[in-house]
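We count ligands from 1, going down the list as the structure has it; atoms in each ligand are counted the same way.
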Amino acid sequence: MWTPDWLWETLSWLGIGGTRAKLLFLGLDNAGKTTLLHMLKNGRATILQPALHPTCEDLTFGFYRFTVYDLGGHTQLRRLWPDFFPEASGVVFVVDAADPERVAESRVELDKLLAKKDMLSTPFLVLGNKTDDPNALSEDKLRQKLGLVQTTGKGKVPLENARPIELFMCSVVERQGYDEGIRWLSQYL
Ligand SMILES: Nc1nc2c(ncn2[C@@H]2O[C@H](COP(=O)(O)OP(=O)(O)OP(=O)(O)O)[C@@H](O)[C@H]2O)c(=O)[nH]1
Ligand SMILES: [Mg+2]
């Protein structure tokens with residue numbers, strides 16, 4: 001069962017716990033990484049330019065405090081991603097579910113990340129973003145296309161030997177779905 005929000009917030013306010021985990025926001029350009037970061041930090045979506053360089057923000061999410069590295073998804077910026085792997089407590093990999101033609105490219109990048117030696121036990125939250133868009137793939141279709149058929153499970157699942165990985169569908173602009181995903185990820189940090 002989930003810890004209720006009020007308890008997390010009270011513990012955080014009392015300064016009990018509240019580890020600062022390092023999260024990497026990864027995924028193709030235009031997936032919605034920076035929109036998510038701004039929503040988590042400021043509670044609203046801002047009009048944003050594509051990333052020109054990696055950025056870093058501290059934020060609080062209930063009981064947890066995160067340092068988030070938003071690394072930018074353009075091809076040139078993807079080359080910088082490995083520099084951040086050794087530090088990562090967890091990865092949030094954002095996929096534009098409303099751009100089915102680029103899901104295969106997302107899968108290539110995701111598979112490369114999952115195979116990296118320095119992240120073999122790093123938990124991965126995959127967010128299928130933009131469910132508000134009528135072109136968005138269903139969760140089942142996105143799972144198939146990303147090869148995420150056998151995943152950890154969405155509940156509070158005990159850590160076994162396998163790396164935790166799960167797909168959550170979301171719409172950042174409509175503030176839906178990502179909270180559950182980040183809560184899920186937090187239990188493994
Ligand atoms: N419809 C819809 N659009 C979204 C959503 N989230 C983000 N967007 C839009 O997607 C576009 C790209 O968002 P960004 O957050 O800049 O994408 P990014 O992943 O940071 O891209 P790079 O910085 O290039 O790596 C913007 O026009 C956002 O407004 C969503 O939930 N629904
Ligand atoms: Mg960005």
Heavy atoms only, cut-off 4.0 Å: how does Thr131 contact ligand 1, side chain, backbone, both, or neither? neither

Does Thr151 have any side-chain hydrogen bond (donor to acceptor under 3.5 Å, both in side chains) partners at least two apart in sequence or in another chain, and if so, which? Arg143, Glu166

Identify which one of Leu137, Leu110, Leu28 satisfies the side-chain contact (heavy atoms from CB on, under 4.5 Å) criterion when paired with Val103. Leu137

Taking N or O atoms only and a 3.5 Å limit, does Val172 qualify as a polar contact for ligand 1? yes

Using side-chain heavy atoms (C-beta onward) and a distance below 4.5 Å, is Thr67 in contact with Cys56? yes

Tell me whether Thr34 has any N or O atom under 3.5 angstrom from an N or O of ligand 1. yes

May I ask you to list the protein N, O or S atoms found at less than 2.8 Å from the Mg ion (ligand 2)? Thr34 OG1

Among protein heavy atoms, which sits nearest to atom 12 (C) of ligand 1, and what does the distance come to when rounded to 0.1 Å? Asn30 OD1, 3.1 Å

Test of proximity, Asp70 against ligand 1: N or O pairs below 3.5 Å: no

Going by distance only, is there an N or O of Gly72 that falls short of 3.5 Å from an N or O of ligand 1? no

As an exercise, identify every atom of ligand 1 less than 4.0 angstrom from a heavy atom of Ala51. 22 (P), 23 (O), 24 (O)

Heavy atoms, side chains only, cut-off 4.5 Å: are Asp111 and Leu114 in contact? yes

Need the ligand 1 atom indices (1-based, order shown) with element for anything under 4.0 Å from a heavy-atom of His74. 24 (O)

Could you tell me whether Glu139 and Lys154 have a side-chain N and a carboxylate O separated by less than 4.0 Å? yes

Element-labelled atoms of ligand 1 that are located less than 4.0 Å from some non-hydrogen atom of Ser171: 31 (O)

For the backbone of Tyr64 and the side chain of Arg20, can you confirm whether one donor and one acceptor N or O come within less than 3.5 Å of each other? no

Protein heavy-atom partner closest to atom 16 (O) of ligand 1 - residue, atom, separation in Å: Leu48 CB, 4.1 Å

I want to know if ligand 1 touches Lys33 in the polar sense, i.e. an N/O pair below 3.5 angstrom. yes

Please answer whether the main-chain N or O of Asn135 pairs with a side-chain N or O of Asp133 as donor and acceptor at a distance below 3.5 Å. yes

Side chain, backbone, both or neither: which applies to Asp133 and ligand 1 if a contact is any heavy-atom pair less than 4.0 Å apart? neither

Between the side chain of Lys41 and the main-chain N/O of Glu57, is any donor-acceptor distance below 3.5 Å? no

Using atom types as modelled, flag every donor-acceptor pair under 3.5 Å from a side chain in residues 76-97 to any protein atom, sequence neighbours excluded.
{"residue": "Arg78", "atom": "NE", "partner": "Gly73", "partner atom": "O", "Å": "2.7"}
{"residue": "Arg78", "atom": "NH1", "partner": "Glu105", "partner atom": "OE2", "Å": "3.3"}
{"residue": "Arg78", "atom": "NH1", "partner": "Glu109", "partner atom": "OE2", "Å": "3.0"}
{"residue": "Arg78", "atom": "NH2", "partner": "Asp29", "partner atom": "OD1", "Å": "3.4"}
{"residue": "Arg78", "atom": "NH2", "partner": "Gly73", "partner atom": "O", "Å": "3.2"}
{"residue": "Arg78", "atom": "NH2", "partner": "Glu105", "partner atom": "OE2", "Å": "3.0"}
{"residue": "Trp81", "atom": "NE1", "partner": "Gly72", "partner atom": "O", "Å": "2.9"}
{"residue": "Glu87", "atom": "OE1", "partner": "Lys22", "partner atom": "NZ", "Å": "2.8"}
{"residue": "Ser89", "atom": "OG", "partner": "Lys22", "partner atom": "N", "Å": "2.7"}
{"residue": "Ser89", "atom": "OG", "partner": "Lys22", "partner atom": "O", "Å": "3.2"}
{"residue": "Asp96", "atom": "OD1", "partner": "Ala98", "partner atom": "N", "Å": "2.9"}
{"residue": "Asp96", "atom": "OD1", "partner": "Asp99", "partner atom": "N", "Å": "3.4"}
{"residue": "Asp96", "atom": "OD2", "partner": "Lys130", "partner atom": "NZ", "Å": "3.1"}

Below 4.5 Å, heavy atoms only, C-beta onward: do Arg175 and Met39 meet side chain to side chain? yes

Is Gly73 in polar range of ligand 1, meaning some N or O pair under 3.5 Å apart? yes

Among all the protein's non-hydrogen atoms, which is closest to atom 14 (P) of ligand 1, and how far away is it? Thr35 OG1, 3.5 Å

Within ligand 1, which atoms have a heavy atom of Pro50 less than 4.0 Å away? 23 (O), 24 (O)

Heavy atoms only: which of Asp96, Asp132, Val173 is nearest to atom 1 (N) of ligand 1? Asp132

Please list, chain by chain and in numerical order, all residues satisfying salt bridge (charged side-chain N to carboxylate O under 4.0 Å, His left out) with Asp140, sequence neighbours excluded. none

Closest approach of Gly32 to Asn129 (non-hydrogen atoms, all atoms of both residues): CA-ND2, 3.9 Å

Give the atoms of ligand 1, by number and element, whose distance to some non-hydrogen atom of Asp29 is under 4.0 Å. 21 (O), 22 (P), 24 (O), 25 (O)

Student check: side-chain heavy atoms of Phe66 and Ser186 closer than 4.5 Å: yes

When you measure from the side chain of Trp184 to the backbone N and O of Gly153, does any donor-acceptor pair fall under 3.5 Å? yes

To the nearest 0.1 Å, how far is atom 6 (N) of ligand 1 from its closest protein heavy atom, and which atom is that? Asn129 ND2, 3.1 Å

Could you check whether any side-chain N or O of Asp70 sits under 3.5 Å from a backbone N or O of Thr55, counting only pairs where one atom can act as donor and the other as acceptor? no

I'd like to know if atom 27 (O) of ligand 1 has any protein heavy atom within a distance of less than 4.0 Å. no

Could Arg183 and Asp179 be called an ion pair, given the rule that one side-chain N must be under 4.0 Å from one carboxylate O? no

Starting from atom 17 (O) of ligand 1, what is the nearest protein heavy atom, named by residue and atom, and what distance separates them? Gly32 N, 3.1 Å

Selection from Gln49, Lys130, Glu174, Arg175 by shortest heavy-atom distance to atom 10 (O) of ligand 1: Lys130

